[in-house]
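Single-structure report; data block below.
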Amino acid sequence: MDKIKITNLEIFAFHGVMPEENKLGQKFIVSAELFLDTEKAGMSDNLEQSVNYALVCECIREYNKNNTKRLIEAAALGMAENILFSFDKIRKVHLELKKPNPPIHMHFDSVSVETERSWNRAFIAFGSNMGDRKSYIDNAIKGISADKRCRIKKVSSVIETEPYGVVEQDNFLNGVMEIETIYSPYALL
């Protein structure tokens, strides 16, 4: 994928473990690599075919204005996810959050955290053979659809199958869905 890079964007935020950091705030430095397909924008010379990096900078500033985190790990993760939620054309974000003046009484340049998040394709099989089978499946699909970290792309038709094995049980309703998610495989489970 192509990249748009934002390097060393200065923001003011209130992230930190120490109470004075949350009260007084301090300068942070954000660098972000935005992964997307820029071919259409390059061919057409049309901003609508790309991502306006000025709006991404504003998105980063607004996130930090409206969110206070104890850890820069949490702030970096929140910013990366917020960028993905806010700009459909961005498929992946690599973000570094630098804290130039943490309360450490030694000489150094800065402390930073890097995080990377992306939309990934996953397939989820679903099935039920107890109670109101269709309602259970519909509610599960609605629950996944309501999670902003998941986007349902397609849902198969539902088929009924006989159970496998020697145990007496009702027939199953089965199907599969294709989603995009920013969850890791473990977190998706």
Side-chain angles (χ1 to χ4, degrees), residues 1-5 15 30-43 48-51 55-56 59-60 62-63 66-97 112-189:
M1 277 189 272
D2 305 314
K3 287 191 270 190
I4 294 175
K5 294 172 90 172
H15 308 306
V30 179
S31 294
E33 291 179 296
L34 314 172
F35 293 81
L36 66 154
D37 184 351
T38 63
E39 183 177 22
K40 287 181 183 176
M43 299 293 283
E48 296 296 317
Q49 299 295 324
S50 188
V51 170
L55 294 179
V56 176
C59 177
I60 291 169
E62 281 297 311
Y63 177 86
N66 296 319
N67 293 277
T68 298
K69 302 294 183 179
R70 294 183 71 232
L71 302 178
I72 61 173
E73 294 89 338
L77 175 66
M79 274 186 276
E81 288 186 351
N82 193 49
I83 290 168
L84 289 173
F85 299 150
S86 300
F87 300 92
D88 287 339
K89 288 182 174 69
I90 298 175
R91 304 299 302 156
K92 181 168 81 171
V93 175
H94 180 97
L95 187 134
E96 180 181 20
L97 178 60
S112 73
V113 169
E114 292 185 46
T115 192
E116 190 170 277
R117 290 295 177 271
S118 63
W119 289 108
N120 300 294
R121 188 165 78 161
F123 294 91
I124 299 174
F126 56 83
S128 179
N129 76 330
M130 298 171 64
D132 188 352
R133 303 171 301 167
K134 180 81 167 92
S135 179
Y136 293 149
I137 289 170
D138 290 343
N139 288 336
I141 292 170
K142 284 179 192 169
I144 291 170
S145 180
D147 187 333
K148 68 180 181 177
R149 289 178 174 87
C150 295
R151 295 176 178 165
I152 296 177
K153 303 308 274 183
K154 294 179 187 174
V155 178
S156 73
S157 57
V158 175
I159 61 169
E160 187 169 10
T161 59
E162 293 182 10
Y164 180 79
V166 294
V167 178
E168 292 270 335
Q169 52 186 313
D170 294 334
N171 285 348
F172 281 86
L173 293 182
N174 299 295
V176 66
M177 70 178 80
E178 177 187 358
I179 68 167
E180 287 184 334
T181 183
I182 61 172
Y183 283 121
S184 67
Y186 183 76
L188 182 61
L189 287 175

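Computed over heavy atoms, backbone and side chain alike; hydrogens, waters and symmetry mates excluded. Each residue takes its place number in the sequence, starting with 1.
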**OP:** Keeping the roles fixed (side chain from S31, backbone from E96), state whether a donor-acceptor pair exists under 3.5 Å.
**Re:** no
Subject >> E48 backbone acceptor or donor facing K89 side chain under 3.5 Å >> reply: yes
Original post:
Is the CD atom of E114 crowded by more than 12 outside heavy atoms at less than 6.0 Å?
Top reply: yes
Original post:
Distance-only, no hydrogens or angles: does the S86 side chain make a donor-acceptor pair with backbone N or O of N82 under 3.5 Å?
Top reply: yes
Original post:
Got F126 and V158 here, is their nearest side-chain heavy-atom distance under 4.5 Å?
Top reply: yes
Original post:
Got a sec, which residues hit salt bridge (Lys or Arg N to Asp or Glu O under 4.0 Å) with D37, two or more places apart in sequence or on another chain?
Top reply: none
**OP:** Please name the pair of heavy atoms, one in V93 and one in F35, separated by the smallest distance, quoted to 0.1 Å.
**Re:** N-CD1, 4.4 Å
Subject >> Distance (rounded to the nearest 0.5 Å) between M79 CE and E62 CD >> reply: 13.5 Å
Subject >> Qualifying residue for salt bridge (Lys or Arg N to Asp or Glu O under 4.0 Å) with E81, from K92, R149, K148 >> reply: R149
Original post:
So, the side chain of H15 versus the backbone of K69: is there a donor-acceptor pair under 3.5 Å, distance only?
Top reply: yes
Original post:
Rounded to the nearest 0.5 Å, how far apart are CD1 of I137 and OG of S128?
Top reply: 5.5 Å
Original post:
Sequence neighbours excluded, which residues qualify as side-chain hydrogen bond (donor to acceptor under 3.5 Å, both in side chains) partners of E33?
Top reply: K3
Original post:
Checking T38 side chain against A41 main chain: does a donor-acceptor pair fall under 3.5 Å?
Top reply: no
Original post:
Does R117 reach the side chain of L77, with side-chain heavy atoms less than 4.5 Å apart?
Top reply: yes
**OP:** Quick one: pull up CD1 in I124 and CD in E178 and give me the separation to the nearest 0.5 Å.
**Re:** 10.5 Å
**OP:** Flag the pair P185 / N120 as yes when at least one side-chain heavy-atom distance between them is below 4.5 Å, and no otherwise.
**Re:** no
Subject >> Contact check, side chains of W119 and I182, non-hydrogen atoms, under 4.5 Å >> reply: yes
